2 protein chains.
Amino acid sequence: MTTLLIVDDHPLQRMGFRMLVESQPDLTVLGEADNGADAVRMAGDLAPEVVLMDVRMPGMDGIEATKRIIASGVRSRVLVLTTFDLDEYAYAALRSGASGFLVKDAQPEELLSGIRVVADGDAVVAPKLTRRLLDRFADQFPVEGEPSHREAAEQLAVLTDREREVLTAIGRGWNNVEIAERFHLAESTVKTHVGRVLAKIDARDRVQAVIFAYNTGLVSPDNHS
Amino acid sequence: MTTLLIVDDHPLQRMGFRMLVESQPDLTVLGEADNGADAVRMAGDLAPEVVLMDVRMPGMDGIEATKRIIASGVRSRVLVLTTFDLDEYAYAALRSGASGFLVKDAQPEELLSGIRVVADGDAVVAPKLTRRLLDRFADQFPVEGEPSHREAAEQLAVLTDREREVLTAIGRGWNNVEIAERFHLAESTVKTHVGRVLAKIDARDRVQAVIFAYNTGLVSPDNHS
DNA sequence: CCGGGCCTAGTACCCCGGTACCAGCGGCGG
DNA sequence: CCGCCGCTGGTACCGGGGTACTAGGCCCGG
């Protein structure tokens with residue numbers, strides 16, 4: 001049984017959601033809120049598995065409410081509902097920590113499907129929003145970065161493509177096992193690469209490699225994950 | 001009628017896709033390719049609306065093939081299929097210009113739905129991958145008003161003076177012995193401080209502590225020695 | 001005066017990281 | 001065709017790093 005909290009400032013809209021949701025044997029509504037502040041409080045009290053959150057509300061909007069719910073440490077997952085005409089809010093919503101983004105005029109089956117996906121710990125994004133998400137994602141990750149420090153850049157140049165990838169991974173704080181997993185390599189292979197990188201950039205250990213990566217601009221603040 | 005090109009190095013897999021797709025009255029297969037080079041060429045010749053692209057293939061892989069198809073200017077949209085979880089290759093795929101990303105063991109309906117979504121000009125990402133994508137997105141694009149810097153800065157405030165000194169030293173790439181010497185401490189003392197710093201800033205090891213130090217501005221590029 | 005931070009220091013333990021060395025493979029240029 | 005290079009993988013070894021726990025001395029505020 002998946003528990004829900006419905007957040008929307010329009011009573012009629014809430015009614016619609018409740019009708020749809022309660023028609024499903026595996027879904028149940030714990031409560032409703034008509035503003036962001038109540039939503040945050042009720043999420044803390046009721047600990048619903050999924051919060052259906054309208055973005056546009058008077059006072060605290062759905063995005064701010066989402067951030068606070070996520071920050072509060074409650075296990076609730078938030079499924080944000082947008083009307084899609086808002087572009088400036090779109091990215092803020094994506095960053096808010098929500099587990100899903102659907103358009104309010106979606107088919108009922110899509111909404112129900114989205115609720116179950118989110119309840120399972122996965123995420124869902126409406127196709128139209130996904131398009132923009134991918135475009136933005138592509139923009140923000142240029143194929144090759146631009147080193148700012150020329151001198152060190154020469155050392156960067158002597159690295160092979162693979163070694164530069166590994167150095168970037170080191171710069172993100174990943175350990176050898178994590179690097180191996182993300183690149184589908186054996187840990188021993190990663191060690192080999194790391195060793196060569198350290199020798200080439202004249203670093204004693206991966207800590208100094210991180211510093212090197214920052215000084216060359218290979219990685220920048222908030223470039224991690 | 002939506003036209004398709006199937007790209008996979010496994011004949012049996014292609015057969016499965018073809019069977020599924022041709023069972024749909026609105027979908028038709030224009031051709032098949034078992035490697036990236038052929039895929040690029042056939043996409044140019046046949047101009048399918050959607051390319052079903054396996055990501056892992058000997059020789060030119062699906063990602064490189066996707067990039068070249070997109071770069072070629074053909075109007076084809078690429079739906080990438082993988083058996084694996086989101087990893088570096090997957091991110092590379094998302095950057096490659098693909099319109100969709102699904103796992104190969106998805107339900108047939110999901111695949112068909114994904115094909116139609118992509119054909120409509122929208123994009124689709126498998127729920128399990130979306131979760132990771134959103135996490136990554138959130139990491140990469142900190143909210144303007146409430147950057148992770150602020151959170152981090154608050155963590156900085158909880159550090160004692162000594163701990164902040166030690167963190168700075170870590171950020172300069174010094175090891176425990178060097179820190180001990182410069183501060184006239186025993187190595188064991190340094191370890192104690194380091195351990196508490198790591199706990200307070202929620203870092204796994206000193207490598208992540210370095211990154212933290214850079215992100216908070218505690219240390220800056222070319223600040224060492 | 002006594003509790004609580006903070007700094008100091010030690011011991012013991014385990015694991016990850018780094019090194020050394022070796023080896024096979026595929027591509028590419030001489 | 002051969003050699004070089006880059007990439008991959010493995011084994012073995014050792015030292016540094018991180019954790020857990022303990023503990024004494026210091027200063028400050030209740």
Side-chain angles (χ1 to χ4, degrees), chain A residues 144 155-213, chain B residues 9 35-37 55-61 63-65 68 84 87-89 92 154-213:
Chain A
E144 281 304 316
Q155 283 173 289
L156 258 187
V158 306
L159 296 181
T160 67
D161 290 344
R162 197 49 138 182
E163 288 162 356
R164 214 171 300 116
E165 285 181 334
V166 169
L167 177 54
T168 304
I170 293 174
R172 296 196 204 285
W174 303 349
N175 62 29
N176 291 336
V177 172
E178 288 168 344
I179 296 175
E181 284 174 353
R182 304 226 192 185
F183 288 120
H184 289 132
L185 299 174
E187 187 187 353
S188 60
T189 303
V190 174
K191 283 190 173 186
T192 305
H193 287 313
V194 171
R196 268 198 293 269
V197 168
L198 296 184
K200 286 188 178 180
I201 68 175
D202 194 33
R204 179 178 56 197
D205 49 38
R206 67 199 298 113
V207 173
Q208 297 190 344
V210 170
I211 296 171
F212 177 89
Chain B
D9 59 322
N35 64 80
V55 79
R56 251 160 246 283
M57 288 183 296
M60 187 193 300
D61 66 16
I63 296 169
E64 182 59 31
R68 297 196 185 190
F84 293 90
D87 50 28
E88 282 307 306
Y89 284 119
E154 292 172 8
Q155 286 173 289
L156 250 189
V158 307
L159 295 180
T160 66
D161 291 344
R162 197 49 139 181
E163 287 162 356
R164 212 171 301 113
E165 285 180 336
V166 170
L167 178 54
T168 304
I170 293 174
R172 299 197 200 284
W174 303 351
N175 63 27
N176 291 338
V177 172
E178 287 168 345
I179 296 174
E181 286 173 352
R182 307 223 188 187
F183 290 155
H184 300 291
L185 298 175
E187 185 187 355
S188 61
T189 304
V190 175
K191 281 191 173 187
T192 304
H193 287 313
V194 170
R196 268 199 292 270
V197 167
L198 296 184
K200 285 189 178 180
I201 69 175
D202 194 33
R204 179 177 56 196
D205 48 39
R206 66 200 298 113
V207 173
Q208 297 190 344
V210 171
I211 295 171
F212 178 91

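Hydrogens, waters and symmetry mates play no part in the numbers below; they use all other heavy atoms, side chains included. None of these values were measured; they are calculated from a predicted model. Note on naming: letters A, B, ... go to the chains in the order of the sequence lines (proteins, then strands), and numbering restarts at 1 for each one.
Smallest separation of non-hydrogen atoms from Gly173(B) and Val207(A): CA-CG1, 3.8 Å. The two residues Arg182(B) and Trp174(B) make their nearest non-hydrogen contact at NH1-CZ2, 3.4 Å.
You'll find the side chain of His193(A) stays beyond 4.5 Å of the side chain of Ile170(A), heavy atoms only. No side-chain heavy atom of Phe183(A) sits less than 4.5 Å from a side-chain heavy atom of Val190(A). Side chains of Ile201(A) and Leu159(A) form a contact here, defined as non-hydrogen atoms less than 4.5 Å apart.
Map Phe183(B) and Val177(A) each onto its nearest nucleotide of DNA chain C; the residue landing nearer the 5' end is Phe183(B).
No donor-acceptor pair under 3.5 Å is formed between the side chain of Arg172(B) and the backbone N or O of Ile211(A). Without hydrogens or angle criteria, Asp205(A) side chain to Gln208(A) main chain gives a donor-acceptor distance under 3.5 Å.
The interatomic distance linking Glu165(B) (CD) with dC6(C) (P) rounds to 15 Å, in whole Å. One interatomic measurement links the two molecules: CD of Gln208(B) to P of dC16(C), which rounds to 14 Å at whole-angstrom precision. The CD atom of Glu187(A) sits 13 Å away from the P atom of dC15(C) (whole-angstrom rounding). Between the P atom of dT8(D) and the CD atom of Glu163(A) lies a distance of 10 Å, rounded to the nearest Å. Atom pair Asn175(B):CG and dG17(D):P shows a separation of 5 Å (rounding to whole Å applied). Atom pair His184(B):NE2 and dC7(C):C1' shows a separation of 16 Å (rounding to whole Å applied). Distance Glu178(B) CD to dG16(D) C1': 12 Å, rounded to the nearest Å. Summarising the geometry, the separation between CD1 on Ile179(A) and C1' on dT8(D) is reported as 15 Å, rounded to the nearest angstrom.
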**Item:** Candidate pair Asn175(A) and Arg206(A), rule side chain to side chain donor-acceptor pair (under 3.5 Å), full reasoning
**Value:** CA-CA 9 Å; Asn175(A) 62 29; Arg206(A) 67 199 298 113; over 6 Å; no
**Complete:** Once base and sugar-phosphate atoms are separated, protein heavy atoms under 4.0 Å mark nucleotides 18-30 of chain D, 5' to 3', with B, S and - as BS-----------
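The terminal axes of the helix from dC1(C)-dG30(D) to dG30(C)-dC1(D), fitted over 5 pairs per end, subtend an angle of 30° to the nearest 10°.
Side chain of Ala186(A), nearest nucleotide from dA9(C), dG10(D), dC7(C): dG10(D). Taking the side chain of Ser188(B) as heavy atoms from C-beta on, and the options dG9(D), dT11(C), dC7(D), the nearest nucleotide is dT11(C).
A salt bridge is defined here as a Lys NZ or Arg NE, NH1 or NH2 lying under 4.0 Å from an Asp or Glu carboxylate O, and Glu178(A) with Arg204(B) meets this definition.
Using a 4.0 Å heavy-atom distance criterion, Thr160(A) is classed as a sugar-phosphate-only contact.
Taking 4.0 angstrom as the limit, His193(A) places a side-chain polar atom (N or O) nearer than this to OP1 or OP2 of dT8(D).
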